[in-house]
Amino acid sequence: MRKLRHWGPGLLLLSPSLILLAVFVYGLIAWTTKVSVSDEHNALGSKGFAGLENYTKLFTNDINDRFTHSLKNLLVFTVVFLVGAMFFGLLWAFILERGVKAEGFFRTVYLFPMAVSFVASGVVWRWLMNPNKGDSAGGLNSVLGGLGLDFLQNTWWTNPDWGMAAMAIPAIWQLSGYVMALFLAGFRGIPQELREAAAMDGASTYRLYRNVIFPQLTPVALSALIILGHMSMKMFDLIMSVSGPQWLTEVPAIYVWQTLLTSDYAKAAAISIILLLLVAVVIVPYLIYTNRQEKNA
Amino acid sequence: MTTTSVEAPPPPSVETLTPVRKPKRGGGPGAIVKYALALVFLIIVLMPLYVLIVTSFKAGSDIGVASQWSLPETWTLASWEKAWNALQPAFFRTFQLAVPVAIISSLIGAANGFVLSRWRFPGADVVFTLILFGMFIPYQAVMIPLREIVTTLGIPPGITTLVLVHCIYGIPICTLIFRNYYATTVPEELIEAARVDGAGLLRTFGRIILPISIPGFVVTIIWQFTSAWNDYLFAIFLSNTRNGPITIALNALAGAQSPDYAASMAGALITSLPTLVVYVLLGRWFIGGLMAGSVKS
């Protein structure tokens, strides 16, 4: 009881934030959910209860299966982006971990893209991924041509088959440095004794990494995957500024915005809630897991 | 003379946030591969930046898809001037957004973080997980009612609205950063000693905790400054080209029907300068911020 009285001011400090979050996060999510089950199709429409109709319509009679198309796009984008960013991030961290002169310089530059807004990087990537080939090839295509890798030339974000995978290139460019930073911290967190013990046992470098170091990085890799996956689902500004609101590269995060422009609030809300559920499926178990880890530590 | 009898520990070094162990320097053939790879990655990361810079100094027929990699025939500042004229009002408006957001969110985060790092109340884990989830929600899920509230209350779109929104949705991340910071740097004895000396919670926070919180503040200020500066989603929902931040203005400049590529590139550079300056000057803490924003530890 004495403790509680002592923390009265603590509650005072904390409660405004808690109330704001309760209202502006959970309250508004509840509100959006309510809109998503209403039959309100525009600002002037009625506000009756429509049940799950707005949701089922997204999967059954959406124009040209636009929503399912956007989900497929998101899946392709997420897979390519995760694989690419994890691969480069780990490789960069691995190189710097092996000891490189001017490590700070490399680390600074590799992290550069992270400081730039998605809108700004979208401007340059839209330009670099110009669809032209041959003599008037854009930046990326001419590099590939110059390296003799003509078969890799692509029409990038305008390509119906590869457009969404191409969209992951700028995302990988922008966030590999971040993954590198996570892995570097992971490498540095491995107790020196482990390495020394392995060296005493005469383990080769390959075995050292294979059996001692990489297994220690699993929690970092898991965090990185979760964070990137969550970013990927929310990706809006990068895709918007590279390709614009194109059907070809539309993802749910953009479809919400496009739907709002037609004032179909109920449908936009339904897409938002599905997006939220997708994120929650990934994030909530992760939060619970890390919480438990922390308690045990 | 009560609280001053407690000697505050020296402010913790940056290393507390980003542990840096001096790696062993390697030699031999592995080193060549290592440095070659490091350089290749350096070039890949810098390529888009190179294109941004050279294109921004080009004019007229110099700006062709096929000549993206070549240096300007004649260097000109015309595009910089055009971009600056187009972006200037938004550029200064964005400082009016990012600076208050950085300061207010950090103060809220420090207060919350302190209370949460010291106060174990029943259900603390649940409350904390609920706060954290606020960091990960896709903002689309709250945006529809948020816009309705703003319109209903007659709050004009623009910077003030964006400051409020960024402060509210910045609470989770800033709270988390400070909670972890205090949990690892402030010894229990220090708080105890202050209590024995008769200092209440608020006084302990103001006199003892705040002065040793500088590294924590640096992290949250960088984090909130860059995320407010680079934000596009809130901006597009809650402002417009006349009163919005720089991402909106840049998108208007670069997303026109027939965009002026040189001006777009100059604009992208202008837009990125403040965050890049922050990152280069405070890069070490920037990395710390990235970590705190993702991994709970």
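In the text below, chain A, chain B and the rest are named by the order of the sequence lines, each starting its count at 1.
- From B:Leu233, atom CG reaches atom NZ of A:Lys234 across 9.0 Å, with rounding to the nearest 0.5 Å.
- Residue B:Ile149 holds its CD1 atom at 5.0 Å from CG of A:Leu28, rounded to the nearest 0.5 Å.
- B:Glu148 has its side chain out of reach of A:Tyr265: every pair of non-hydrogen atoms, C-beta onward, lies at least 4.5 Å apart.
- Contact detail for A:Trp127 and B:Val51: the closest heavy-atom pair is CD1-CG1, 3.7 Å.
- If you measure heavy-atom distances from B:Ile171 to chain A, the contacts under 4.5 Å come from the side chain alone.
- The contact between B:Leu49 and chain A is made entirely by side chain atoms (from C-beta outward), counting heavy-atom distances below 4.5 Å.
- Between A:Trp92 and B:Phe41, the two ring planes are tilted [angle within 30° to 60°].
- Of the atoms belonging to B:Ala141, heavy atoms from both backbone and side chain fall under 4.5 Å from chain A.
- Atom CG in A:Leu20 sits 7.5 Å away from atom CD1 in B:Ile108 (nearest 0.5 Å).
- Looking at A:Tyr26, only its side chain comes within 4.5 Å of chain B, counting heavy atoms on both sides.
- Within the 4.5 Å cutoff, side-chain heavy atoms of A:Val25 are placed close to those of B:Tyr169.
- Taking CG of A:Leu18 as the reference point, atom CG of B:Leu116 lies at 7.5 Å (rounded to 0.5 Å).
- Both the backbone and the side chain of B:Phe133 have a heavy atom closer than 4.5 Å to some heavy atom of chain A.
- Interface remark: of the candidates A:Ala253, A:Ala269, A:Gly244, A:Ala22, A:Ala253 forms the most heavy-atom pairs closer than 4.5 Å to chain B.
- Residue contact with chain A, scored on non-hydrogen atoms closer than 4.5 Å, involves the side chain of B:Val280 exclusively.
- Residue with the most contacts toward chain A among B:Tyr232, B:Trp229, B:Tyr139: B:Tyr232 (heavy-atom pairs, distance under 4.5 Å).
- Residue with the most contacts toward chain A among B:Val142, B:Thr226, B:Thr275: B:Val142 (heavy-atom pairs, distance under 4.5 Å).
- A distance of 8.5 Å separates CG of B:Asn230 from CZ of A:Phe118, quoted to the nearest 0.5 Å.
- Residue with the most contacts toward chain A among B:Gly134, B:Ser272, B:Ser227, B:Pro138: B:Pro138 (heavy-atom pairs, distance under 4.5 Å).
- The stretch residues 275-284 of chain A places A:Leu275, A:Leu276, A:Val279, A:Ala280, A:Ile283, A:Val284 near chain B, each with some heavy atom under 4.5 Å from a heavy atom of that chain.
- Of the listed residues (A:Val109, A:Leu91, A:Val143), the one with the most heavy-atom contacts under 4.5 Å to chain B is A:Val109.
- Side-chain atoms of B:Tyr279 come within 3.5 Å of backbone atoms of A:Thr108 as a donor-acceptor pair (strictly under, hydrogens ignored).
- Counting heavy-atom pairs closer than 4.5 Å to chain A, the top-ranked of the candidates B:Pro145, B:Gly267, B:Ala268, B:Ala254 is B:Pro145.
- Among B:Thr55, B:Val278, B:Ile270, B:Thr271, the residue with the largest count of heavy-atom pairs under 4.5 Å with chain A is B:Thr55.
- Residues B:Leu250 and A:Ala120 come closest through the heavy atom pair CD2-CA, 3.8 Å.
- Between the B:Tyr35 side chain and the A:Lys101 main chain, a donor and an acceptor come within less than 3.5 Å of each other.
- Looking at A:Val256, the atoms closer than 4.5 Å to chain B (heavy atoms on both sides) all sit in the side chain, from C-beta outward.
- Among all heavy-atom pairs drawn from B:Ile144 and A:Ser272, the shortest one is CD1-OG, 3.9 Å.
- Rounding to the nearest 0.5 angstrom, the gap separating the CZ atom in B:Arg147 from the CG atom in A:Leu260 is 5.5 Å.
- Only the side chain of A:Phe236 comes within contact range of chain B, judged by heavy atoms closer than 4.5 Å.
- Between the B:Trp69 side chain and the A:Gly139 main chain, a donor and an acceptor come within less than 3.5 Å of each other.
- Ranked by heavy-atom pairs under 4.5 Å with chain B, the list A:Thr32, A:Ile273, A:Thr205 is led by A:Thr32.
- In terms of heavy-atom proximity, A:Ile227 sits nearest to B:Phe136 at CD1-CE2, 4.1 Å.
- Both the backbone and the side chain of A:Asp237 come within less than 4.5 Å of a heavy atom of chain B.
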